[in-house]
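Worksheet for the structure shown next.
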Amino acid sequence: MTVNDEKDKVHDFWNRASCGEALLLASMDRDGYAGQAKARYELEPYIDDLARFGEAKGQMVLEIGVGLGADHQRFAEAGAALYGIDLTQLAVDHTMRRLEAFNLHSNLSRGDAENLSFPDGTFDIVYSWGVLHHSPNTRQAFDEVLRVLKPGGRAAIMIYSKWSLVGLMLWGRYALLRGRPFTKMATIYSRYLESPGTKAFTRHEAERLTRRFSSVRIWTVMSHGDLLASGAGQRHSGMILSLARRLWPRWLFRTLCPHAGLFMLIEAQKPS
């Protein structure tokens with residue numbers, strides 16, 4: 001399979017539903033988008049810690065993977081000089097419609113994270129939440145982030161962490177219960193978590209992805225997926241999952257393994 005074939009599969013998956021629109025978006029108007037944002041930030045309050053929207057005023061900002069546009073709206077409201085790309089036209093259209101509903105503006109287009117169309121040293125901030133792990137060549141995507149940042153510019157990126165409760169649940173369902181306990185975690189994530197080819201990374205691997213950056217900070221957070229505190233996305237449903245959601249000992253996991261979360265947050269600077 002070629003890289004273009006892999007990207008086509010990722011595109012087709014997300015073009016069917018841009019970041020769970022059927023689950024989170026009641027209507028494509030101000031009320032619908034406001035409701036989706038409220039649900040998003042209740043489920044993922046740590047987005048604010050990474051994005052730091054309030055610091056974007058007057059800054060050149062690029063978001064890679066705009067999805068339904070909630071974070072993009074926050075950057076626009078903060079007064080950023082804003083650009084956004086997504087692999088799918090569906091996400092671009094959603095975000096355009098959203099910004100129009102709130103009388104906001106951004107420079108939006110389809111784009112490839114591995115081959116950004118911007119000149120070197122364009123942006124003060126490059127932000128990407130839960131996107132680069134879907135790219136066939138995540139290493140190249142990180143290199144592109146570094147290239148388009150200005151010296152001293154900030155990258156704020158979330159990718160998936162390999163040793164997570166979500167990964168353990170997927171392994172239990174698709175490996176252990178099928179009598180294949182030696183199935184690699186890379187295969188589990190690639191086949192069963194979101195779009196085909198999805199990856200998850202160890203801290204060491206994340207450090208290698210950011211080795212050309214400076215002032216790198218990496219931390220993990222327990223996601224709503226790890227805690228079964230929300231719907232399970234586009235691919236997973238059923239009676240067993242519904243029962244597990246009622247019985248899941250969230251307090252115990254928060255206490256005993258607070259770092260076993262799916263979301264790995266990365267903040268780094270381009271060397272001056």
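In this text the structure is predicted, and so the values were computed from the model without any measurement.
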Min side-chain heavy-atom separation V145-I64 under 4.5 Å: yes
Any side-chain heavy-atom pair of L165 and F253 under 4.5 Å: yes
Parallel, tilted or perpendicular: ring planes of Y174 versus Y192, cut at 30 and 60 degrees: parallel
Qualifying residues under salt bridge (Lys or Arg N to Asp or Glu O under 4.0 Å), relative to K199, sequence neighbours excluded: none
Test log, rule side chain to side chain contact (heavy atoms under 4.5 Å, CB included), inputs T122 and M60: CA-CA 7 Å; T122 299; M60 290 284 291; 3.9 Å; yes
Set of residues satisfying ring pair (Phe, Tyr, Trp, His ring centres under 6.0 Å) with respect to F118, sequence neighbours excluded: Y83, F123
F142 side chain reached by T210 side chain, heavy atoms, under 4.5 Å: yes
Within residues 209-218 or reaching into it, pairs that qualify as salt bridge (Lys or Arg N to Asp or Glu O under 4.0 Å) - sequence neighbours excluded: D143-R212
Ring centre gap for F201 and Y160 strictly below 6.0 Å: no
Set of residues satisfying side-chain contact (heavy atoms from CB on, under 4.5 Å) with respect to E144, sequence neighbours excluded: L116, R147
Side-chain (S161) to main-chain (M264) donor-acceptor, under 3.5 angstrom: no
Salt bridge (charged side-chain N to carboxylate O under 4.0 Å, His left out) assessment of E55 paired with R52: CA-CA 6 Å; E55 299 178 12; R52 289 160 35 194; 2.9 Å; yes
Polar side chain donor-acceptor pair, T88 to H11, under 3.5 angstrom: no
Residues in side chain to side chain donor-acceptor pair (under 3.5 Å) contact with H133, at least two apart in sequence or another chain: none
Separation between CZ of R203 and NZ of K162, rounded to the nearest 0.5 Å: 16.0 Å
Side chain to side chain donor-acceptor pair (under 3.5 Å) partners for S223, two or more places apart: D226
Between S164 and Y189, a side-chain donor and acceptor under 3.5 Å: yes
Expected output: side-chain E114 to main-chain N137 donor-acceptor under 3.5 Å: yes
Contact check, side chains of L82 and H72, non-hydrogen atoms, under 4.5 Å: yes
Residues forming a side-chain contact (heavy atoms from CB on, under 4.5 Å) with A78, sequence neighbours excluded: A56
Residues forming a salt bridge (Lys or Arg N to Asp or Glu O under 4.0 Å) with D48, sequence neighbours excluded: R74
Any donor-acceptor N/O pair, T198 side chain to S195 backbone, under 3.5 Å: yes
Main-chain N/O of G153 paired with D124 side-chain donor or acceptor, under 3.5 Å: no
Stepwise side chain to side chain contact (heavy atoms under 4.5 Å, CB included) test for L104 and Q73: CA-CA 8 Å; L104 298 168; Q73 179 182 341; 3.7 Å; yes
For F213, all residues meeting ring pair (Phe, Tyr, Trp, His ring centres under 6.0 Å), sequence neighbours excluded: none
P271 to L146 - nearest heavy-atom pair and separation: CD-CD1, 4.3 Å
Spacing of I85 atom CD1 and N115 atom CG [to the nearest 0.5 Å]: 9.5 Å
Could you give the side-chain donor-acceptor pairs of residues 179-186 under 3.5 Å, partners two or more places apart or in another chain?
| from | atom 1 | to | atom 2 | distance (Å) |
| --- | --- | --- | --- | --- |
| T183 | OG1 | R180 | O | 2.8 |

Close side-chain approach of L50 to F263, heavy-atom, < 4.5 Å: no
Residue pair D8 / V10, side-chain heavy-atom distance below 4.5 Å: no
E194 vs W14, side chain to side chain contact (heavy atoms under 4.5 Å, CB included): CA-CA, chis, key distance, verdict: CA-CA 9 Å; E194 299 181 330; W14 293 110; 3.9 Å; yes
E205: partners by salt bridge (Lys or Arg N to Asp or Glu O under 4.0 Å), with sequence neighbours left out: none
Gap between atom CD1 of I47 and atom OH of Y41 - 0.5 Å precision: 5.5 Å
Closest approach of V92 to S109 (non-hydrogen atoms, all atoms of both residues): CG2-O, 3.6 Å
Side-chain heavy-atom pair L68, Q36 within 4.5 angstrom cut-off: yes
R110 (side chain) donor-acceptor with L87 (main chain) under 3.5 angstrom: yes
Under 3.5 Å donor-acceptor, R139 side chain and L209 backbone: yes
Side chain to side chain contact (heavy atoms under 4.5 Å, CB included) evaluation trace for L193 with L170: CA-CA 8 Å; L193 181 64; L170 290 173; 3.8 Å; yes
Euclidean distance, L108 CG relative to D93 CG, rounded to 0.5 Å: 9.5 Å
Separation between CG of L262 and CE of M158, rounded to the nearest 0.5 Å: 7.0 Å
Under 3.5 Å donor-acceptor, R250 side chain and L227 backbone: yes
Working for salt bridge (charged side-chain N to carboxylate O under 4.0 Å, His left out), residues D112 and K7: CA-CA 9 Å; D112 180 349; K7 287 182 182 177; 2.5 Å; yes
Residue pair R40, D71: steps toward the salt bridge (charged side-chain N to carboxylate O under 4.0 Å, His left out) verdict: CA-CA 10 Å; R40 175 175 177 79; D71 297 350; 2.8 Å; yes
Minimum-distance pair of heavy atoms, taken over all atoms of L149 and K270: O-NZ, 2.8 Å
L132 backbone acceptor or donor facing T138 side chain under 3.5 Å: yes
Least distance between heavy atoms, V216 atom then A268 atom: CG2-CB, 3.8 Å
Salt bridge (Lys or Arg N to Asp or Glu O under 4.0 Å) involving R254 - partner list, sequence neighbours excluded: none
Side-chain heavy atoms of V126 within contact of E63, under 4.5 Å: no
R98 side chain vs Y33 backbone, donor-acceptor pair below 3.5 Å: yes
Point-to-point distance, once rounded to the nearest 0.5 Å, from OG of S214 to CD of Q269: 5.0 Å
N/O donor-acceptor pair under 3.5 Å between R191 side chain and P196 backbone: no
Exercise: identify the closest heavy-atom pair between A175 and I188: CB-CD1, 4.1 Å
Ring-ring centroid check H259 W219, cutoff 6.0 Å: no
